[in-house]
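These notes are about the structure you will find just below.
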Amino acid sequence: MALAALTDDILSDIFLRLPEPADLVRTSAACVPFRRLVTGRAFLRRFRALNPAPLLGFLDHNGFHPAIPPHASAPAARAVSLAADFSFSFLPSNSSSTGRGWVVRDVRDGRVLLDRAPEDGGGEEPSVFFTEIAVCDPLHRRCVLLPPIPDDLAAAVDQPLRVEFDSWCEPFLNPGGCGDPEDEASFGVIWMARCKAKLVAFAFSSSTGEWRAVASLAWRDLMSTAGLPSRRPALYLRQYARGCFYWVMDLRQKLLVLDTGRMEFSIADLPPACHRRQIAIVEAGEGRVGMFALRDQVADGEVSLYYTVRQDIANGSGHWQMEKTIPLDPAFQHYIKGATERYILLLRCSEHLSSAGMHVSSSAEMEDLECFSMDVRTLQLERVCQLKHRILRAYIYNNFPPSLSPQSI
């Protein structure tokens with residue numbers, strides 16, 4: 001077929017079959033017509049729908065840590081690291097001596113959500129509950145400051161409890177709440193508060209620029225549906241897969257679930273004998289949810305990831321079925337530090353460092369802290385980087401190389 005007969009539609013179908021984003025980058029460098037086609041929004045939207053963005057690194061309290069060679073994403077990670085501003089210097093700075101700064105709370109689809117306490121807030125005054133929220137595109141150095149939650153909605157927040165030591169609320173990005181799936185620059189945010197007597201949540205859509213109430217449920221009513229005591233639980237490790245957010249509930253073999261389609265809370269079971277603090281919830285294919293659980297306290301010294309898949313999630317029912325066991329090096333202590341629908345992030349360290357307390361944040365330099373990513377489809381482990389500091393939580397950053405990443409805000 002003559003080159004002139006290769007229309008944009010035919011070329012698009014060919015280029016969509018390229019296996020890796022790096023192949024598309026090389027294609028765009030071949031000639032001007034190819035570059036114009038593959039960098040167009042319509043084509044990139046189709047390509048990203050077929051090819052989930054690779055893991056390029058992660059953010060923690062010390063900034064962005066890109067994947068380094070020989071990780072498959074290292075070239076794209078380096079390009080993004082050079083082009084992006086992960087110090088968020090384009091955000092409004094603090095104008096007082098209070099020292100309250102922006103804190104990363106969530107990362108998704110190339111966007112980063114940060115918040116900070118109001119400068120005049122303090123103690124347990126209501127003003128500190130409702131933080132300032134910013135959604136950023138660090139690659140293109142753009143941000144959107146969200147409007148405050150209206151007073152009539154905020155009135156539903158009564159006697160909130162601390163979510164973490166530095167936060168009274170939990171804002172996070174909502175993949176299904178952008179409002180316009182054709183607009184790649186639109187996004188959604190959920191703001192949640194755990195009150196003494198109930199859960200409260202609001203949703204923001206960049207398409208409307210407004211907040212709305214989406215869910216409120218008394219702990220008593222929620223717990224009774226699962227036949228549990230009415231005492232409110234502590235919640236840990238927010239994760240997302242298949243249109244739902246999940247939190248591990250303390251002292252129970254249960255998960256709190258927020259269905260973002262119906263915007264309703266429910267309770268689901270964890271797999272039997274699962275280590276509640278060491279799990280990763282992922283997409284398992286065929287509309288199912290999978291879970292990796294770290295098991296490292298067995299009599300024979302084996303260290304492994306147990307992969308189970310929920311066979312039926314209709315109406316919160318179903319059971320977990322064991323699929324695979326992935327052995328890990330027993331010479332190291334392992335920790336699950338982050339998860340997305342497609343990847344999990346593992347931290348491993350020597351036993352003598354583990355005994356020093358890996359869950360305590362510290363700026364003290366350390367050695368032999370290694371981070372690995374695992375693609376849940378291939379179960380392939382790849383070394384991401386080495387750290388010299390402890391981390392409480394890491395936020396996986398997925399994106400394409402800069403030439404394939406239009407503005408997300």
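Bear in mind the structure is a predicted one, so any value in this text is a computation, not a measurement.
Within a 6.0 Å radius of CG in D151, no more than 12 heavy atoms belonging to other residues, nucleotides or ligands are found. Residue R220 places its CZ atom among 12 or fewer non-hydrogen atoms of other residues, nucleotides or ligands, all under 6.0 Å distant.
To the nearest 0.5 Å, atoms CZ (R45) and CG (L50) are separated by 13.0 Å. Rounding to the nearest 0.5 Å gives a distance of 4.0 Å between CG of L235 and CZ of R194. Distance check: R242 CZ to T260 OG1 gives 12.5 Å after rounding to the nearest 0.5 Å. With rounding to the nearest 0.5 Å, the separation of CG in L387 from CG in N62 is 8.5 Å. If you take SG on C349 and CG on L369, they are separated by 6.0 Å, rounding to the nearest 0.5 Å. The distance from the CG atom of L56 to the OG atom of S405 is 8.0 Å, given to the nearest 0.5 Å.
Ion pairing of R111 with D106 is absent here, as no side-chain N (NZ or NE/NH1/NH2) approaches a carboxylate O to less than 4.0 Å. R105 has a carboxylate O that lies under 4.0 Å from a charged side-chain N of D115, or vice versa, which qualifies the two as a salt bridge. In summary, E283 and R342 do not engage in a salt bridge, as defined by a charged side-chain N under 4.0 Å from a carboxylate O. A salt bridge links R108 to E341: at least one charged side-chain nitrogen sits closer than 4.0 Å to a carboxylate oxygen.
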Note to self: Run the side-chain hydrogen bond (donor to acceptor under 3.5 Å, both in side chains) test on Q380 and R377 for me, step by step, so that the C-alpha distance in whole Å, both residues' side-chain angles and the decisive distance to 0.1 Å come before the verdict.
What the structure shows: CA-CA 8 Å; Q380 182 68 38; R377 297 186 184 181; over 6 Å; no
Next item on the list: Could you walk me through whether K254 and D269 pass the salt bridge (charged side-chain N to carboxylate O under 4.0 Å, His left out) test, one step at a time?
Entry: CA-CA 5 Å; K254 303 290 183 180; D269 292 327; 2.4 Å; yes
Notebook entry, point to check: How far apart are the C-alpha atoms of C136 and F88, what are their side-chain angles, what is the distance that settles it, and do they pass the side chain to side chain contact (heavy atoms under 4.5 Å, CB included) test?
Noted result: CA-CA 8 Å; C136 301; F88 306 102; 4.2 Å; yes
Next item on the list: With salt bridge (charged side-chain N to carboxylate O under 4.0 Å, His left out) as the test, would you mind laying out the steps for K198 and D221 before giving the verdict?
Entry: CA-CA 9 Å; K198 61 184 176 180; D221 297 335; over 6 Å; no
Next item on the list: Go through the steps for V104 and V112 under the test side chain to side chain contact (heavy atoms under 4.5 Å, CB included), then give the verdict.
Entry: CA-CA 7 Å; V104 173; V112 181; 3.9 Å; yes
Notebook entry, point to check: Please walk me through it: do E170 and V163 pass side chain to side chain contact (heavy atoms under 4.5 Å, CB included)?
Noted result: CA-CA 7 Å; E170 188 172 5; V163 175; 4.2 Å; yes
Item checked: side chain to side chain contact (heavy atoms under 4.5 Å, CB included) between I133 and L145, intermediate numbers included -> CA-CA 6 Å; I133 300 174; L145 298 178; over 6 Å; no
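Applying the side-chain hydrogen bond (donor to acceptor under 3.5 Å, both in side chains) rule to pairs touching residues 68-79 yields H71-S373, sequence neighbours excluded.
A donor atom on one side chain and an acceptor atom on the other are found under 3.5 Å apart for D60 and H389. A side-chain donor from one of D85 and S87 sits under 3.5 Å from a side-chain acceptor of the other.
The distance between the ring centers of F86 and Y397 falls below 6.0 angstrom. Aromatic ring centroids of F172 and W191 lie 6.0 Å or more apart. In this structure, F202 has its ring center at least 6.0 angstrom away from the ring center of W211.
Residues M223 and P229 come closest through the heavy atom pair CB-O, 3.4 Å. When all heavy atoms of W320 and R310 are compared, the closest pair comes out as CE3-N, 3.5 Å. Nearest heavy atoms, Q407 versus D137: CA-OD2, 3.6 Å. The two residues Y246 and V289 make their nearest non-hydrogen contact at OH-CG2, 3.5 Å. Residues L404 and L44 come closest through the heavy atom pair O-CD1, 3.8 Å. Here the closest non-hydrogen pair linking M322 and Y306 is CE-CD2, 3.2 Å.
Proximity of L345 to F372: side-chain heavy atoms (C-beta onward) are nowhere separated by under 4.5 Å. For the pair Y395/K337, no side-chain contact is recorded, criterion being any heavy-atom separation below 4.5 Å from C-beta on. Residues T325 and L305 form no side-chain contact, since every pair of their non-hydrogen atoms from C-beta on lies 4.5 Å or further apart. Between L199 and M192 there is a side-chain heavy-atom pair separated by less than 4.5 Å. Residues S12 and R46 meet the side-chain proximity criterion, which asks for heavy atoms closer than 4.5 Å. Using a 4.5 Å heavy-atom cutoff, the side chains of I396 and L59 are not in contact. Side chains of L346 and C371 form no contact here, defined as non-hydrogen atoms less than 4.5 Å apart. No side-chain heavy atom of V257 sits under 4.5 Å from any side-chain heavy atom of W247.
Annotation: cation-pi pair R141/F90 absent, no NZ/CZ under 6.0 Å from the ring centroid and within 45° of its normal.
Distance alone, capped at 3.5 Å, places no donor-acceptor pair between the Q386 side chain and the E370 backbone. Between the R142 side chain and the I409 main chain, a donor and an acceptor come within less than 3.5 Å of each other. Side chain of Q239 to main chain of T340: no donor-acceptor pair is present (N/O by atom type, distance under 3.5 Å, no hydrogens or angles). Side-chain atoms of S186 never come within 3.5 Å of backbone atoms of S207 as a donor-acceptor pair (strictly under, hydrogens ignored).
Take Y240 and apply the ring pair (Phe, Tyr, Trp, His ring centres under 6.0 Å) test, not counting sequence neighbours, and it matches F245.
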Name the atoms and distances for all side-chain donor-acceptor pairs under 3.5 Å in residues 15-26, with sequence neighbours left out.
| unit_1 | atom_1 | unit_2 | atom_2 | d |
| --- | --- | --- | --- | --- |
| R17 | NH1 | D13 | O | 2.6 |
| D23 | OD1 | R26 | NH2 | 2.5 |
| D23 | OD2 | E20 | N | 3.3 |

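Applying the side chain to side chain contact (heavy atoms under 4.5 Å, CB included) test between F292 and each of V282, I279, I281 identifies V282 as the sole match.
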